[in-house]
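Residue numbers start from 1 in every chain, and the chains themselves are labelled A, B, ... in the order their sequence lines are given, proteins ahead of strands. Side chains included, hydrogens not; waters and symmetry mates left out as well; all remaining heavy atoms used.
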There are 2 protein chains.
Amino acid sequence: MFSIGELSKRTGVKIPTIRYYEQMGLIAAPERSEGNQRRYSKDVMQRLSFIRHSRELGFSIEDIKGLLELSQHPEKPCHDAHNLAAQRLEDVQARIAKLQRLEHELKRISECDANTVAHCAVIETLADHSLCETVH
Amino acid sequence: MFSIGELSKRTGVKIPTIRYYEQMGLIAAPERSEGNQRRYSKDVMQRLSFIRHSRELGFSIEDIKGLLELSQHPEKPCHDAHNLAAQRLEDVQARIAKLQRLEHELKRISECDANTVAHCAVIETLADHSLCETVH
DNA sequence: CTTGAACCTATAGTCGCTAGAGGGATTATA
DNA sequence: TATAATCCCTCTAGCGACTATAGGTTCAAG
């Protein structure tokens, strides 16, 4: 049995975030001490790690609810989990592609060596989209 | 002189977003028709394009305020613009690196070919961070 | 028993919009 | 000129995933 502070330290999830997850129904409301403070048992740590990891991978709170639900029923087929993962993968790949275009453009414009704004590529490029080398 | 709807169509910035930018001080409050509707002249289009483009590159509203301010003063040195761009570049590169690690992991776990949750790599990997091949 | 750290709830703020309600203005057609 | 369709107005609230603050209570160490 440990306090929310300890749980936070052990999982790396901030205290208000833990309470938020409880509110969102991702973790069950734990027992309380006589003075109404939350007291957790170890099993919540696994669940919190699952949640944290999923968030890092970009799954939404709603996605995670579904994944947690699934993980509670090992006999169920796991298409849903796969679909979610595959969808996230697509998202991630699209974001990478977009960011790489931005990287390219930012690199180009930050190489400008003008001294005043009048001839600065940063400003010029932002002002005139037609100067972009890529489409976005 | 054109209406907010026309401005929206021409710049691709949605109507409420235009009003929001006005509220945030990115664009000046325009003239009004007799019936209190906004009437824009062409010059705001450039400014809106600048804003839109900057947003696409990931600059914050506050950043853009600074950049617009700069662009209004061509005689000023442009270090600030460069710094902002360089910082954005770093951000973007960090995000790319992180996303690529996620991509790797998602690819791996979505290749799972189990039929039930009991042996599903998606669920397992999310549950047990130690299975990750990458650190995050 | 005291003190200071940790905890509680509830509410508001963050960012960059977006949606909705409840109305008024403009424009095209009859 | 009347009317209908479309556009526009302001104001307020909502989104997601937290984060911060205020004002109070409880816990654990000395």
Side-chain angles (χ1 to χ4, degrees), chain A residues 1-27 29-40 44 47-68 84 87-88 91 95 98 102 136, chain B residues 1-27 29-41 44 47-68 84 87-88 91 95 98 102:
Chain A
M1 285 297 150
F2 35 111
S3 69
I4 197 169
E6 249 178 298
L7 182 61
S8 171
K9 264 180 208 153
R10 291 188 196 210
T11 59
V13 180
K14 287 180 191 155
I15 291 173
T17 307
I18 295 173
R19 290 198 277 245
Y20 172 73
Y21 288 160
E22 182 184 324
Q23 218 183 305
M24 293 298 100
L26 288 187
I27 55 180
E31 294 177 42
R32 298 286 180 130
S33 71
E34 294 202 350
N36 198 34
Q37 301 194 354
R38 289 170 178 83
R39 288 295 175 264
Y40 295 95
V44 81
R47 203 172 166 94
L48 253 192
S49 301
F50 187 108
I51 294 167
R52 189 186 162 201
H53 192 187
S54 303
R55 286 289 306 130
E56 277 167 351
L57 289 174
F59 291 96
S60 72
I61 299 284
E62 279 309 302
D63 285 349
I64 297 172
K65 268 191 197 168
L67 290 168
L68 281 166
L84 279 177
Q87 210 178 299
R88 283 296 311 139
D91 278 13
R95 270 157 63 191
K98 194 173 174 193
L102 301 190
H136 46 246
Chain B
M1 286 297 151
F2 35 113
S3 69
I4 196 168
E6 249 178 298
L7 181 61
S8 170
K9 263 179 209 153
R10 291 188 196 210
T11 58
V13 180
K14 286 181 190 154
I15 291 174
T17 306
I18 295 173
R19 290 198 276 244
Y20 171 74
Y21 287 161
E22 182 184 324
Q23 217 183 306
M24 294 297 100
L26 289 187
I27 56 180
E31 295 177 42
R32 299 284 180 133
S33 72
E34 294 201 351
N36 198 34
Q37 300 194 353
R38 289 171 179 80
R39 289 294 175 265
Y40 295 94
S41 55
V44 82
R47 204 171 165 95
L48 254 192
S49 301
F50 187 108
I51 294 167
R52 188 186 162 200
H53 192 186
S54 302
R55 287 289 305 132
E56 279 168 349
L57 289 174
F59 292 96
S60 72
I61 300 283
E62 279 309 302
D63 284 349
I64 297 172
K65 267 190 196 170
L67 290 168
L68 281 166
L84 279 177
Q87 211 177 298
R88 282 296 312 142
D91 278 12
R95 269 158 62 193
K98 194 174 174 193
L102 301 189

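Contact check for B/I51 versus B/T11: no side-chain heavy atoms found under the 4.5 Å cut-off. A 4.5 Å side-chain heavy-atom check between B/Y21 and B/I61 finds at least one atom pair inside the cut-off.
Put simply, B/Y21 has no side-chain N or O that comes within less than 4.0 Å of OP1 or OP2 on C/dG16. Distances shorter than 4.0 Å separate some side-chain N or O of B/T17 from OP1 or OP2 on C/dT18. At C/dC7, none of the side-chain N or O atoms of A/R38 fall inside 4.0 Å of OP1 or OP2 (strictly under the cut-off).
By the side-chain hydrogen bond (donor to acceptor under 3.5 Å, both in side chains) test, A/S33 is found to be paired with no residue, residues two or more places apart in sequence or in another chain being considered. Qualifying salt bridge (Lys or Arg N to Asp or Glu O under 4.0 Å) partners for A/E34, counting only residues two or more places apart in sequence or in other chains: none. Taking the side-chain contact (heavy atoms from CB on, under 4.5 Å) definition, one finds that B/Q23 meets it with nothing, sequence neighbours left out. Applying the side-chain contact (heavy atoms from CB on, under 4.5 Å) rule to A/V44 yields the partners A/L7, A/I27, A/Y40; only residues at least two apart in sequence or on another chain are considered. With sequence neighbours left out, A/E22 forms a side-chain hydrogen bond (donor to acceptor under 3.5 Å, both in side chains) with A/R38. Residues meeting the side-chain contact (heavy atoms from CB on, under 4.5 Å) test with A/I15, sequence neighbours left out: A/I4, A/S8, A/R19.
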Nucleotides 19-25 of chain C: which of its N/O atoms have a protein N/O under 3.5 Å away?
residue	atom	partner	partner atom	Å
C/dA25	O4'	B/Q37	NE2	3.4

Do any N or O atoms of the protein come closer than 3.5 Å to N or O atoms of nucleotides 10-13 of chain C, and which pairs are they?
none

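Of the inter-residue distances, the one linking B/R52 atom CZ with B/I18 atom CD1 reads 11.0 Å to the nearest 0.5 angstrom. We find the CD1-CZ distance between B/I64 and B/R55 to be 5.5 Å, quoted to the nearest 0.5 Å.
Comparing the axis of the opening five pairs of the helix from C/dC1-D/dG30 to C/dA30-D/dT1 with that of the closing five pairs yields an angle of 10°, rounded to 10°.
What you find for B/R39 and B/P30 is that their closest heavy atoms are O-CB, 3.6 Å. Here the closest non-hydrogen pair linking B/K65 and B/L26 is CG-CD2, 3.5 Å.
In this structure, A/I15 atom CD1 and C/dT9 atom P are separated by 12 Å, rounded to whole Å. In this entry the distance linking CZ of B/R55 with C1' of C/dT18 reads 14 Å, nearest Å. Here the C1' atom of nucleotide C/dC15 and the CD1 atom of B/I64 are 12 Å apart, to the nearest Å.
Taken residue by residue, residues 2-10 of chain A places heavy atoms nearer than 4.0 Å to DNA chain C at A/S3, A/I4, A/G5.
The salt bridge (Lys or Arg N to Asp or Glu O under 4.0 Å) pairs that include a residue from residues 1-16 of chain A are A/E6-A/R10, where partners are two or more places apart or lie in different chains.
Taking every nucleotide of DNA chain D with any atom under 4.0 Å from a non-hydrogen atom of chain B, the first and last of them, 5' to 3', are D/dC8 to D/dT10.
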